[in-house]
S.K.: 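What follows is a single structure, and I will ask about it in a moment.
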Amino acid sequence: MDKGGMSHGEENMAAWLLGVDNLQILPFKLPALGPHDVRVRMKAVGICGSDVHYLKTMRCADFIVKEPMVIGHECAGIIEEVGKEVKSLIPGDRVALEPGISCWRCNLCKDGRYNLCPDVKFFATPPVHGSLANQVVHPANLCFKLPDNVSLEEGAMCEPLSVGVHACRRANIGPETNVLIMGAGPIGLVTLLAARAFGAPKIVIVDVDDHRLSVAKKLGADDIVKVSTNIQHVDDEVVQIQKTMGAGVDVTFDCAGFEKTVRTALNATQPGGKVCLVGMGHNEMTVPLTPAAAREVDVVGIFRYKNTWPLCLEFIQSGKIDVKPLITHRFGFTQEEVVEAFETSARGSTAIKVMFNL
């Protein structure tokens, strides 16, 4: 399956990233439908922080946009056509799409850790086109049928929720795990929802922003702690966090990825506990690893997710997780609305998840 390209005279339109702060809705020629592929009409697409990074800087971490690229990867839609070998889906099925296509040949894929595949083709990660389009072509085995009581918007939310679910699996969250979350942005909030669904008895969430903390409280955080951006305040804030928890911090999720938050996470976690690095704010930082090692605090990382869509859909279908409150803004798919939607997401403020309804 090739990645398609810009075309003219086609009815399929997509949001193309052409340069810094330059998004244009232009024709998008779909690749040929392979025997194991499906063609999906997009109905709900969310904006991720990585999409905003690409728009503002033409890069995210080590991924650099070097040519025009269709943006977007949090998505759900309706099957319009299936390849001749597809037996699991039919036209009319509503599906959520897992955005990464792994090679399934490398040792990591064969070992089940396909999220670490070096040759993965991931929606809207250069040079692969994304899914903010009228239609996309995608492998059928990466399209998950939505239960009748799960909306297309909720289906699109499976992508960010998958990050929280994968983090909870990596950290072995359960009914005896007290959880601290650094950062109440979208990923911190889905990690909160996932940790609760995995049975965490107490969850405390930390942020610098009052509004985000209030949202976290409404979503079910047992307690909240407001902190500063000043790294000199770490020791005092660790004392405050531990007092608020009222018990040992078994697992801390750092969902920000800054030196101060990682330092706080390492210091606040009790001996024998675990710190899970979820956020990717800074590539390099100076943190107190030796004292953490002396307390046998394990440090684990996560990258995206693997095999999470069925569990996400089960959590949503059963009511264990409600992602609807995270969707704060909705836009249609016009040139003006696409620009406004990304500006809204970039500003942050009261925006958590900005969603397109196509």
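Position 1 is the first residue of the sequence, and the numbers go up from there. Since this is a predicted model, take the numbers as computed values, not measurements. All values below come from the heavy atoms of this structure, side chains included, with hydrogens, waters and symmetry mates left out.
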S.K.: Which word best sums up how the rings of Trp104 and Tyr114 line up, parallel for under 30°, tilted for 30 to 60°, or perpendicular for over 60°?
M.R.: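 Taking Tyr114 first and then Trp104, their aromatic rings sit tilted (interplane angle of 30° to 60°).
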
S.K.: In terms of side-chain heavy atoms, does His233 have a donor or acceptor partner in Ser228 at a distance below 3.5 Å?
M.R.: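 Side chains of His233 and Ser228: pair found under 3.5 Å.
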
S.K.: List the atom of Lys217, the atom of Asp223, and the distance in Å for their closest heavy-atom pair.
M.R.: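 Taking Lys217 first and Asp223 second, the nearest heavy atoms are CE-CA, 4.4 Å.
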
S.K.: Of the non-hydrogen atoms in Gly46 and Asp51, which two are nearest, and what is the gap between them?
M.R.: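 Minimum heavy-atom separation between Gly46 and Asp51: O-OD2, 4.0 Å.
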
S.K.: Can you tell me if Asp111 uses its side chain to pair, donor with acceptor, with the backbone of Arg113 under 3.5 Å?
M.R.: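 Answer holds: no.
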
S.K.: Under 3.5 Å, is there a donor-acceptor pair between the side chain of Asn12 and the main chain of Phe28?
M.R.: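 Confirmed, Asn12 side chain pairs with Phe28 backbone.
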
S.K.: Between Ala76 and Ala156, what is the shortest heavy-atom contact and its length?
M.R.: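 Looking at all heavy atoms of both residues, the shortest contact is CB-N, 3.6 Å.
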
S.K.: Tell me, which pairs form a salt bridge (charged side-chain N to carboxylate O under 4.0 Å, His left out) where one or both residues lie in residues 151-165, sequence neighbours left out?
M.R.: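 Applying salt bridge (charged side-chain N to carboxylate O under 4.0 Å, His left out) to every pair that reaches into residues 151-165, excluding sequence neighbours, yields Glu153-Arg330, Glu154-Lys324.
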
S.K.: Under 3.5 Å, is there a donor-acceptor pair between the side chain of Glu259 and the main chain of Thr286?
M.R.: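 At least one qualifying donor-acceptor pair exists.
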
S.K.: Under the 3.5 angstrom rule, does the side chain of Arg169 hit a backbone N or O of Lys306 as a donor-acceptor pair?
M.R.: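 Confirmed, Arg169 side chain pairs with Lys306 backbone.
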
S.K.: Glu337: which residues meet the side-chain hydrogen bond (donor to acceptor under 3.5 Å, both in side chains) condition with it, sequence neighbours left out?
M.R.: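 Glu337: side-chain hydrogen bond (donor to acceptor under 3.5 Å, both in side chains) contacts with Thr334.
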
S.K.: Parallel, tilted or perpendicular: which one describes the rings of Phe331 and Phe356, with boundaries at 30° and 60°?
M.R.: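 The rings of Phe331 and Phe356 sit tilted, inter-plane angle from 30° to 60°.
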
S.K.: Examine distances only and state if a side-chain atom of Asp222 and a backbone atom of Val204 form a donor-acceptor pair shorter than 3.5 Å.
M.R.: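 Looks like no, no N/O pair under 3.5 Å.
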
S.K.: Using modelled atom types and a 3.5 Å cut-off, is there a donor and acceptor pairing between side-chain atoms of Asn134 and backbone atoms of Met13?
M.R.: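 Looks like yes, one N/O pair under 3.5 Å.
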
S.K.: Which label fits Tyr305 and Phe122: parallel for a plane angle under 30°, tilted from 30 to 60°, or perpendicular past 60°?
M.R.: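 Correct class here is tilted.
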
S.K.: Which heavy-atom pair separates Pro68 from Leu18 by the least distance, and what is that distance?
M.R.: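 In this case the closest contact between Pro68 and Leu18 is CB-CD2, 3.8 Å.
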
S.K.: Treating Arg170 as the side-chain partner and Gly301 as the backbone partner, does any N or O pair qualify as donor plus acceptor under 3.5 Å?
M.R.: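 Present.
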
S.K.: Any heavy-atom pair between the side chains of Leu193 and Leu326 that's under 4.5 Å?
M.R.: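 Yes. Closest side-chain heavy atoms under 4.5 Å.
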
S.K.: May I ask you to decide if Leu266's main-chain N or O and Arg295's side chain share a donor-acceptor pair within less than 3.5 Å?
M.R.: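 Yes.
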
S.K.: Side chains of Thr177 and Asp250: any donor to acceptor distance under 3.5 Å?
M.R.: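 Checked: Asp250/Thr177 side chains show no N/O donor-acceptor pair below 3.5 Å.
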
S.K.: Checking the side chain of Thr328 only, and the main-chain atoms of Ile352 only, is there a donor and an acceptor separated by less than 3.5 Å?
M.R.: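 Yes, Thr328 side chain to Ile352 backbone: donor-acceptor pair under 3.5 Å.
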
S.K.: Treating Lys202 as the side-chain partner and Met245 as the backbone partner, does any N or O pair qualify as donor plus acceptor under 3.5 Å?
M.R.: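 Checked: pair present.
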
S.K.: For side-chain contact (heavy atoms from CB on, under 4.5 Å), just list the numbers for His53 and Arg59, CA-CA rounded to whole Å, side-chain angles, deciding distance to a tenth of an Å, and then say yes or no.
M.R.: CA-CA 6 Å; His53 277 297; Arg59 70 179 298 157; over 6 Å; no

